[in-house]
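Report on one structure; see the data block that follows.
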Protein chains: 2
Amino acid sequence: MKHSVIRKKFEEHLRSKNLKFTSQRDRIFELAFQTHQHFTADTLHAWLKKQDGAAVSRATVYRTLHLLEDGGFIESLDTGRGELVYEHVLGHAHHDHLVCMSCGKIEEFRSEEIERLQEQAAASRGFVITSHTLRLEGYCRGCARKQDLSAARQVS
Amino acid sequence: MKHSVIRKKFEEHLRSKNLKFTSQRDRIFELAFQTHQHFTADTLHAWLKKQDGAAVSRATVYRTLHLLEDGGFIESLDTGRGELVYEHVLGHAHHDHLVCMSCGKIEEFRSEEIERLQEQAAASRGFVITSHTLRLEGYCRGCARKQDLSAARQVS
DNA sequence: GTACCTGCAAAAGCTTTGCAAGGTC
DNA sequence: GACCTTGCAAAGCTTTTGCAGGTAC
C-alpha cells in the first residue's frame with residue numbers, strides 16, 4: 001500500500017470519529033510510517049524533540065499511539081527485554097519476530113505453515129483467534145558468533 | 001516430577017547460591033506450585049495475606065518471584081491484556097497459550113510441529129533460539145458462543 | 001557471628017488524567 | 001462558536017531499592 005493511501009486512511013479514520021487532524025498527530029503519524037525500525041513511546045518522543053525544535057508532549061505521544069493502535073495503524077509488541085515497542089502494520093503483511101537478547105535487534109519472519117497450525121490448534125479447542133504473537137528469543141547471527149554459542153545451538 | 005522432588009531442587013538451588021531458606025520463600029514457593037492457575041505478583045501477595053494472617057511484604061514477593069524465575073522454577077507470561085502472569089514450569093513440559101480476551105481464561109497447548117518450524121525459521125537466519133513465546137489471543141469456546149462470533153471465525 | 005533477608009517507606013519508571021488554554025472545522 | 005486537543009503537572013500503578021533490624025546456618 002502506498003504511503004499516500006495510508007495517509008488518506010488515517011485522515012478518514014479521524015474524520016469518521018469526529019477527531020481533528022492536528023499537527024501533532026500528523027507528525028507522529030509520519031514518523032511512525034517513515035521509520036523502518038520498531039520504536040518505543042519514549043523513542044518517538046525523542047525523535048519529535050529533535051525535529052526542528054518543537055517538541056510534542058509525552059501525554060500527546062501516548063494518546064496518539066493509542067489512537068493509531070486502536071485504528072489498526074500500528075501494533076505494539078513486548079520484546080521480552082522489558083520494552084514495549086511499536087511498528088506500523090498497515091500495508092505490511094503480518095509477521096512474527098526474532099528478538100536478539102544481546103543486541104536488541106528485531107528480525108521479522110513469516111511462516112504460512114505455522115499460521116495454519118496455530119489456527120488448527122485453536123479450532124480444535126473451539127477457540128476463535130483474533131490475533132497472535134509469536135516471539136522467538138535468542139541470539140542473532142552476529143551475536144551468536146561473538147559469544148560462541150555453537151554449544152547452545154546444539155542444545156536448543 | 002513429584003512435588004517433593006521439585007521442592008528438594010528448590011532447596012538445593014538456594015543452598016548452591018548461599019541463599020537462606022526462609023519461611024517467606026517457603027510459603028511463596030508452595031503457593032506457586034500448589035495452584036493450577038496463572039497468577040500475578042499482586043494476586044500472590046493477596047493469597048499470602050489471606051493465609052492465616054501473616055502477610056509477606058510486596059518487596060519480598062517480587063524478590064522471590066525473580067529468584068524463582070532466575071532459577072527456572074517459574075516463568076512469566078505477558079497475557080496481552082495488560083497483565084504479567086506467572087506459572088510454575090518445573091515438572092511441566094513447555095507449552096504455548098491461548099488467552100481469552102473476554103474472560104481472561106488461559107488455555108495451554110503444544111504442537112511439536114510448530115516447535116520444529118520455529119527452529120527451522122530461526123536456523124535459516126543464523127538465529128540461535130533460547131526461548132520463545134507463542135500466544136494466541138481471541139475468544140474461548142464459551143465466550144465465542146455468547147458473542148456469536150461465528151462471523152469472526154470465518155474472517156480470521 | 002556472619003551473611004543474608006525482610007519489611008518499610010521512599011524512589012523510580014512508565015503511563016494516564018484533570019484542567020485550562022488553544023486549535024480545528 | 002462548539003467541540004476536540006494539547007501541554008502541564010499531578011496522580012496512578014507496578015516494581016525496585018536503601019536501610020535498619022531480624023533470621024538462617
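A note on names: the letters A, B, ... follow the listed sequences, proteins ahead of strands, and every chain is numbered from 1.
Within the model, atoms CD of B:Gln34 and CZ of B:Phe29 stand 9.5 Å from one another, a figure rounded to the nearest 0.5 Å.
Under the ring pair (Phe, Tyr, Trp, His ring centres under 6.0 Å) criterion, A:Phe109 pairs with no residue at all, not counting sequence neighbours.
Residues A:Arg116 and A:Glu119 fail the side-chain proximity criterion, which asks for heavy atoms closer than 4.5 Å.
Between C:dC5 and B:Arg25, a contact under 4.0 Å exists linking OP1 or OP2 to a side-chain N or O. Between A:Gln24 and the phosphate of C:dG23, there is no side-chain N or O to OP1/OP2 separation shorter than 4.0 Å.
Within residues 8-22 of chain A, the residues that place at least one heavy atom under 4.0 Å from DNA chain C are, in residue-number order, A:Lys20, A:Phe21. Remark: A:Thr60, A:Arg63 in residues 60-74 of chain A come within less than 4.0 Å of DNA chain D through at least one heavy atom.
Closest approach of B:Arg27 to B:Leu48, counting heavy atoms only: NH2-O, 3.1 Å. Smallest separation of non-hydrogen atoms from B:Ser124 and A:Arg141: O-NH2, 4.0 Å. Considering every non-hydrogen atom in both B:Ala41 and B:Tyr62, the closest pair reads CB-CE2, 3.5 Å.
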Could you give the side-chain donor-acceptor pairs of residues 89-100 of chain B under 3.5 Å, partners two or more places apart or in another chain?
from    : atom 1 : to       : atom 2 : distance (Å)
B:His92 : NE2    : B:His88  : NE2    : 3.2
B:His94 : NE2    : B:Asp96  : OD1    : 3.2
B:His94 : NE2    : B:Glu115 : OE2    : 3.4
B:His94 : NE2    : B:His132 : NE2    : 3.0
B:His95 : ND1    : B:Ala93  : O      : 3.1
B:His95 : NE2    : B:Glu87  : OE1    : 3.2
B:His95 : NE2    : B:Glu87  : OE2    : 3.4
B:His95 : NE2    : B:His97  : NE2    : 3.4
B:His95 : NE2    : B:Glu108 : OE2    : 3.2
B:Asp96 : OD1    : B:His132 : NE2    : 3.3
B:His97 : NE2    : B:Glu87  : OE1    : 3.3
B:His97 : NE2    : B:Glu87  : OE2    : 3.3

List, one per line, each side-chain donor-acceptor pair under 3.5 Å for residues 63-78 of chain B, sequence neighbours excluded.
from    : atom 1 : to      : atom 2 : distance (Å)
B:Thr64 : OG1    : B:Thr60 : O      : 2.8
B:Glu69 : OE2    : B:Ser76 : OG     : 2.8
B:Asp78 : OD1    : B:Gly80 : N      : 2.7

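In summary, of the residues considered (A:Thr35, A:Asp42, A:Val56), a side-chain contact (heavy atoms from CB on, under 4.5 Å) with A:Trp47 occurs for A:Thr35 alone.
Close approach of DNA chain D to chain B, defined as any atom under 4.0 Å from a non-hydrogen atom of the protein, starts and stops at D:dT14 to D:dC25.
One hydrophobic cluster, built from ILVMFWY side chains closer than 4.5 Å, holds both B:Phe33 and B:Phe21.
Regarding B:Asp26, its CG atom lies at a distance of 17 Å from the C1' atom of C:dC4, rounded to whole Å.
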